[in-house]
Amino acid sequence: MRLPGRYPAPSYYDPNDKRLVQIVRAARGTQRHAVNIVGIPFDGAVLGRKGARGGPAAIRQAMLGFSNYNVELGVGLEGVRVFDLGDLAVDNDVPKAHKQIESEVTLDLEGSSLLTILGGDNSISLPSLRAFEEKFGEVGLIVLDSHFDLRGKIGGRPTSGSSYGLAVDSLEGLDPRRVVEIGSHGFLNSRKYYAKAKKLGIKTFTAKDVSELGPAAVAKEAYQVASKEVQAVYLSVDLDAVDISYVSGVSAPSAGGLTSQQLFEIVYSVARQPKVKCADLVELAPSLDPSEKSQRVAAATLVYMIAGFAARKPD
Ligand SMILES: [Mn+2]
């Protein structure tokens, strides 16, 4: 079952400045050659502070702040097809919820389109990746996150910190040498999980690497690694990759993270690539940030995903 996604109405009408929310249309099923948006308001597996179930609604609300043209990129969104498939109604129980997510996301994946999934806690990336692998076979993965999220199950259950660990352990189509993790920094990870990443052959870029190499170079190399010899790449964005000064409304805010501009540049560059067929955006917990800054950064991230798709060269 799905509940329709709701967008606010613009407070004014200017024929020279159509707002982005006026481009988004509701749809019952996934559309071809389009950006399809689905929400998963679920935070039953979060390890720290809850609130991510409010993410999809808050992101849609914050979409009101955007127009359809980007001066820096020279990219317009007037011609892009954007459809909202609504929010999944999922069980509170983690294993049940994950089964539901896996079967629903399977329905929404489509080779000519970009499916954007609004979380929800980071645990939803695991069933989404499972659906992705079932649909496309051998796949690659690019992650933006302050944490490696390479844990195993805790208490027999997946958590918001285990998605990529369980994915590389259990998905045959996901070779860890096609996994790239961008954004680790500070005292936020353990030596053991870093060693696990290295042992598995996961490519890592720290937040410092992003500053030194530049977001565009990191995005380019990440895509080369993740897309090698596969037809489909999944992009997973944990909003806690961004520094706490921009994003405090997440379960685990991070001091010393990426700037929002760095995140946008990487997301845009990756979303432009033809093999990227699904992107999730997780961990926004709007109740933890009354200033509403975090949801604006999250919504802008979604807009850069849409812009990346709009800027793709026709096949
Ligand atoms: Mn995470």
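Start at 1 and go down the list; that is how both ligands and their atoms are numbered.
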Ile182: which of Val210, Leu263, Val270, Val237 passes side chain to side chain contact (heavy atoms under 4.5 Å, CB included) = Val210

Side-chain H-bond candidate by donor/acceptor type, Ser211 with Gln262, under 3.5 Å = yes

Hey, are the side chains of Lys203 and Val179 touching, using non-hydrogen atoms and a 4.5 Å cut-off?
-> no

Of all N/O/S atoms in [X], the name of the one nearest the Mn ion (ligand 1):
X      : value
Asp145 : OD2
Asp149 : OD2
Asp238 : OD2

Using the six-membered ring of Tyr194, assess whether NZ or CZ of Lys196 lies under 6.0 Å from its centre and within 45 degrees of the ring axis.
-> no

Assess Asp240: does it contribute an N, O or S atom lying under 2.8 Å from the Mn ion (ligand 1)?
-> no

Any N/O/S atom of Asn122 sitting less than 2.8 Å from the Mn ion (ligand 1), backbone or side chain?
-> yes

Side chain to side chain donor-acceptor pair (under 3.5 Å) contacts in which one or both residues fall within residues 80-100, not counting sequence neighbours = Tyr7-Asp84, Arg60-Asp84, Arg60-Asp87, Asp93-Arg157, His98-Ser123

